[in-house]
Amino acid sequence: MSAEMVVPAWMHAPITAERYASWSEEQCAGIEIVDGMVVLGPSASKRHNRLARILANGLDAASGADWNADTDFDVRLQDVPLSNRRPDVVVYRADTIDVTPTRPEHVLLVVEVVSPGSETTDRIVKVDQYAKAGIPFYWRVEQTATGVPLVYTYVLDPAGTAYRDGDVFTGTVKAVVPFAAEIDLGSV
């Protein structure tokens, strides 16, 4: 059986922003577009989804009226070639809640929870893409064998399009929400 027989034909051709906009929410769920090509990732585990939800809830509570924290929507990094990423958690300007697509200038922070199958993408590829898009903060959450996650924080270097290492925290909400208050989510 050839790959052509298993994979839909539309996955073999570059996707434009216009074509992507014509797709239903169901067609867009669970995929990302990188350089115009559809990228499928492994399904997230319950532990992965729970960590993302807990972190989003904590960040939302810490962010004040000017910022929202949510899960499961696209961030349009560029139009041509189309690049949409779907971070696990996004902190974005509250006044852009109805603006579609969400663009990097609407976003303060993206969080990726690393899962088996996404290690290289979350540790290397996405870091570079988010930095080049100008998103000020990137957090990577590593799931450990003990069940207590590690949160690696990165801050965009204003002199370039790369992140510099920030602090590393053990735990999710208890350790990171005070850090969120330090970067003053309410006034950035």
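By convention here, the first residue in the shown sequence is residue 1.
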Shortest non-hydrogen contact between [X] and [Y], atoms and distance:
X: Pro81; Y: Gly36; result: CB-N, 3.9 Å
X: Arg19; Y: Ala13; result: NH1-CB, 4.5 Å
X: Leu82; Y: Tyr20; result: CD2-CB, 3.7 Å
X: Tyr130; Y: Arg85; result: OH-CB, 3.6 Å
X: Leu156; Y: Thr161; result: CD1-C, 4.3 Å
X: Ala133; Y: Leu77; result: CB-CD2, 3.8 Å

I want to check something: taking the side chain as every heavy atom from C-beta on, are [X] and [Y] in contact at a cut-off of under 4.5 Å?
X: Met37; Y: Pro14; value: yes
X: Thr153; Y: Phe137; value: no
X: Asp79; Y: Arg103; value: yes
X: Glu142; Y: Asp122; value: no
X: Asp70; Y: Val90; value: no
X: Val113; Y: Trp139; value: no
X: Pro87; Y: Val75; value: yes
X: Asp165; Y: Tyr152; value: no

Salt bridge between [X] and [Y], side-chain N to carboxylate O under 4.0 Å?
X: Glu112; Y: Lys126; value: yes
X: Arg86; Y: Glu32; value: no
X: Arg53; Y: Asp60; value: no

Atom [atom1] in [X], atom [atom2] in [Y]: separation rounded to 0.5 Å?
X: Tyr138; Y: Gln129; atom1: OH; atom2: CD; answer: 10.0 Å
X: Thr102; Y: Asn84; atom1: OG1; atom2: CG; answer: 9.5 Å
X: Leu108; Y: Ser63; atom1: CG; atom2: OG; answer: 9.5 Å
X: Thr71; Y: Ile54; atom1: OG1; atom2: CD1; answer: 12.0 Å
X: Ser83; Y: Asp35; atom1: OG; atom2: CG; answer: 4.5 Å
X: Ser118; Y: Asp88; atom1: OG; atom2: CG; answer: 7.5 Å

Are Val39 and Ile33 close enough, and set up right, to give a side-chain contact (heavy atoms from CB on, under 4.5 Å), and what steps lead you there? CA-CA 6 Å; Val39 177; Ile33 309 290; over 6 Å; no

Tyr163 and Asp128: side-chain donor and acceptor closer than 3.5 Å?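 Their side chains do not contain a donor-acceptor pair, so the 3.5 Å distance test is not met.
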
Side chains of Tyr154 and Arg140: donor-acceptor distance under 3.5 Å anywhere?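 There is such a pair between these side chains.
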
I'd like to know if the side chain of [X] reaches the main chain of [Y], judged simply by a donor and an acceptor atom lying under 3.5 Å from each other, with no hydrogens or angles considered.
X: Ser45; Y: His48; value: yes
X: Arg93; Y: Glu105; value: yes
X: Thr96; Y: Val99; value: no
X: Asp157; Y: Ala159; value: yes

Evaluate the side-chain contact (heavy atoms from CB on, under 4.5 Å) criterion for residues Leu59 and Val89: first the C-alpha distance (whole Å), next the side-chain angles of each, then the deciding distance (0.1 Å), finally the verdict. CA-CA 9 Å; Leu59 289 168; Val89 178; 4.1 Å; yes

Taking it one step at a time, do Leu55 and Val111 satisfy side-chain contact (heavy atoms from CB on, under 4.5 Å)? CA-CA 9 Å; Leu55 190 52; Val111 180; 3.5 Å; yes

Counting neighbours of CZ on Arg50 that are heavy atoms of other residues, nucleotides or ligands and sit closer than 6.0 Å, is the number greater than 12?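 Counting neighbours around CZ of Arg50, 12 or fewer heavy atoms of other residues, nucleotides or ligands fall under 6.0 Å, so no.
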
Are Ile135 and Val125 connected in a single hydrophobic cluster, I mean Ile/Leu/Val/Met/Phe/Trp/Tyr linked by side-chain heavy atoms less than 4.5 Å apart?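 No; Ile135 is not reachable from Val125 via cluster members.
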
Under a 4.5 Å side-chain heavy-atom rule over Ile, Leu, Val, Met, Phe, Trp and Tyr, are Leu150 and Val114 clustered together?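 Per the 4.5 Å side-chain linkage, Leu150 and Val114 are not co-clustered.
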
